[in-house]
Amino acid sequence: MLKDIFNKKRKYASIPSQEGKQEVPEGVMQKCPGCHKIYYRKELERNLNVCPHCGYHHQQNAFERIKSLVEEDSFEEWDKYMVSTNPLGFPEYEAKLEKDRQKSGLNEAVVTGKGMIGNNETAIAVMDARFRMGSMGSVVGEKIANAIEQARKEKLPFIIFTASGGARMQEGVLSLMQMTKTSVAIQRLHADGGLMISVMTHPTTGGVSASFASLGDFNFAEPGALIGFAGRRIIEQTIREKLPDDFQTAEFLLKHGQLDGVIHRHDLKNKLATILNIHKPGGENS
Amino acid sequence: MKQVLDFEKPVVELRGKIEELKRLTEDSEMDLSQEIETLEQRLENLEEDVYDRLTPWNRVQLARHPERPTTLDYIQAMFTDFIELHGDRLYGDDEAIVAGIAKYKGMPVTIVGHQRGKDTKENLRRNFGMPHPEGYRKALRMMKQADKFNRPIVCFIDTKGAYPGKAAEERGQSEAIARNLMEMAGLEVPVVCIVIGEGGSGGALALGVGDHIHMLENSTYSVISPEGAAALLWKDSNLAQHAAETMKITSYDLKKLGIIDTVITEIRGGAHRDIEAQAANIDKVLQKSLESLKKLGKDELLEARWKKYKQIGDYTDLPL
Ligand SMILES: [Zn+2]
């Protein structure tokens, strides 16, 4: 239930969650990186975290994203308690995970489940860049693969919102292999005629961009989102040349034929609902 | 003369000394056979010490050895009737990947592999084995063709990674890699992947969705290079040797993590010391792989592939 993920502390009982205080984590005011204006966070939140002055898309966390798209009380979360281990015995990894659990109120960098978008029951995965920069470790890969597989079994459309710096370094090559795991799951979904929509949000880079984020029937992005395989600095060092300002932005990708469209957050719910409707069995009558 | 790596210098020096003594006995009446025998025994012990206890970093050095056999070397040693095929039909021909058809013990196969150069000139042409999107799209074109004609596919993995360049991003490096991962998952023919050198991140993975994955003993497979990991995690690329251990990138690590099927024994001192013998070691493993995979029906093959990748990873449930 939607309420669960927003309100009930009990569900995250084993971690001293700060969910209740989430309203003012960084103070009451917010400065916009787009137009440098300062305004109330409340004002921003009411506007789906889009700057009311310049249209800059601030990040939405997973809870905000789900709340903005899914009909109230219709969300059922999957694999909610799945958490990372420390398979490589990486120094300080557990402490970092614990810190991010407390900071974000999340158990990992992705929330998966199903809910109603308009009148379409839809499987959804939403990444959250506040947790280890949204990086993909075993849990992220497993939860996304499970969600895709569940969508396939229940014949639901699958929508993923990506926000990730790429691989989870502390899980090494296990992290890399999650690219394969999720891609194999998507192949099965597509082979069964399932619908997948990818919405890339800021940032979507590295192994996430080079796996499920790029594998939708429809690949969209939010305005200004950073999307790319290699990091800007590494590319500049390699080719010894300065890159254009718009390099690896959603608009840059659109121009180079890599996206179906760039969608303003205010239009997102409607556009998604329309696509879902067009693909609905018997959609011609609804 | 093989290029000598730092850790094997004592071995090479001792071997040189023995050679010198042998020459001396040939040219004179001196009998040094006792001394030579002693030294040869010492060499045997020293070689064991150095080569049978390689550190992860030593293996990285061997995986990067300039004379390490490449995809084309193994194609020549293990296959017949190889015909190289070029181009992705969309943009160009990326020579960082070679692909073609051949016979393996009489059986038609498709071969795809990363290709490094053996000298600077060839490396420039092959972009040091770091592909652009067109390389991955060429590879996929050949794999789809193999699927159509029911030929098994053999992939050789040997790259530092996909090329981090401006043009590569413009032409969709991410999409090209992602598409290969997904499409390889659906191939209805056996796919065997063999890591022969460096398995660098997504650029390696894009030829790496196989039913069986094997690794040469001294090859590596990693999400980031040891230098990159050290820079990222500890802001100091000099800690690469340490990162090579922490990141668990050797063939034995990957076997332990349940990712690969077989560690293919390497010639003592590295594959470059005897390409024919190394190819024979690979050959044994490849033959076994293909024999067992050919017995599976298409559905069984795809289901097994899904299960293989689904089980990779480690996680637990938060206690309530
Ligand atoms: Zn603004």
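Just so we're on the same page: letters track the sequence lines, and every chain starts at 1.
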| task | Please test B/His212 against B/Thr262 for side-chain hydrogen bond (donor to acceptor under 3.5 Å, both in side chains), starting from the C-alpha separation and ending with a verdict. | result | CA-CA 8 Å; B/His212 289 167; B/Thr262 317; over 6 Å; no
| request: For A/Leu259 and A/Leu254, work out which heavy atoms get closest and say how close. | output: O-CD1, 3.7 Å
| query | What part of A/Glu149 lies closer than 4.5 angstrom to a heavy atom of chain B: side chain, backbone, both or neither? | reply | side chain
| message | Between A/Gln248 and chain B, with a heavy-atom cut-off of 4.5 Å, which part of the residue counts as in contact: side chain, backbone, both or neither? | response | side chain
| request: Let me know if A/Leu88 has heavy atoms under 4.5 Å from chain B in its side chain, its backbone, both or neither. | output: both
| said: As an exercise, state the distance from CD of B/Glu266 to CG of B/Leu216, rounded to the nearest 0.5 Å. | reply: 5.0 Å
| A/Glu236 with A/Arg233: basic N within carboxylate O range, under 4.0 Å | no
| task | Give the intermediate values and the outcome of side-chain hydrogen bond (donor to acceptor under 3.5 Å, both in side chains) for residues A/Asp246 and A/Thr249. | result | CA-CA 6 Å; A/Asp246 72 339; A/Thr249 59; 4.9 Å; no
| Picking from A/Gln237, A/Met169, A/Arg168, which has the most non-hydrogen pairs under 4.5 angstrom with chain B? | A/Met169
| query | Between B/Ile259, B/Ile249, B/Val209, which has the largest tally of heavy atom pairs under 4.5 Å with chain A? | reply | B/Ile259
| said: Shorter than 4.5 Å, heavy atoms on both sides: which option in B/Thr246, B/Asn180, B/Asp253, B/Leu302 has the most such pairs with chain A? | reply: B/Thr246
| said: Need one label for B/Ile312: side chain, backbone, both or neither, based on atoms under 4.5 Å from any heavy atom in chain A. | reply: both
| note | Under 4.5 Å to a heavy atom of chain A? For B/Ile224 that would be side chain
| note | Bottom line for A/Glu108: the part with an atom under 4.5 Å from chain B's heavy atoms is neither
| request: Verify the ring-centre separation between B/Trp234 and B/His242: is it less than 6.0 angstrom? | output: yes
| said: With chain B as the partner, which of A/Asp79, A/Asn219, A/Thr180 has the greatest number of non-hydrogen pairs under 4.5 Å? | reply: A/Thr180
| Can you tell if the side chain of B/Thr159 reaches within under 4.5 Å of the side chain of B/Glu198, non-hydrogen atoms only? | no
| task | Report the distance from atom OH of B/Tyr309 to atom OG of A/Ser183, rounding to the nearest 0.5 Å. | result | 11.0 Å
| remark: Comparing B/Gln311, B/Met247, B/Lys308, B/Glu170 against chain A, the one with the most heavy-atom pairs below 4.5 Å turns out to be B/Glu170
| field | Closest-packed option against chain A by number of heavy-atom pairs under 4.5 Å, given B/Arg305, B/Glu303, B/Glu183 | value | B/Glu303
| message | Would you say that B/Pro226 contacts B/Gln241 through its side chain, given a criterion of any heavy-atom pair below 4.5 Å between the two side chains? | response | no
| Salt-bridge contact B/Asp94-B/Arg137 (side-chain N to carboxylate O under 4.0 Å) | no
| task | Count the heavy-atom pairs under 4.5 Å between each of B/Gly228, B/Ser201, B/Ala162 and chain A, then report the option with the highest count. | result | B/Ser201
| task | Tell me, for A/Phe212 versus chain B, whether the close heavy atoms (under 4.5 Å) come from the side chain, the backbone, both or neither. | result | neither
| request: Using non-hydrogen atoms and a 4.5 Å limit, figure out which bit of B/Ser222 sits close to chain A: side chain, backbone, both or neither. | output: backbone
| query | With a 4.5 angstrom heavy-atom cut-off, which part of A/Ala213 approaches chain B: side chain, backbone, both or neither? | reply | neither
| field | Salt bridge present between A/Lys103 and A/Asp100 (N-O < 4.0 angstrom) | value | yes
| query | Who among B/Asp314, B/Leu254, B/Ile177 has the most heavy-atom pairs with chain A under 4.5 Å? | reply | B/Asp314
| query | Using a cut-off of under 4.5 Å for heavy-atom pairs, which of A/Arg232, A/Arg188, A/Met177 has the most such pairs with chain B? | reply | A/Arg188
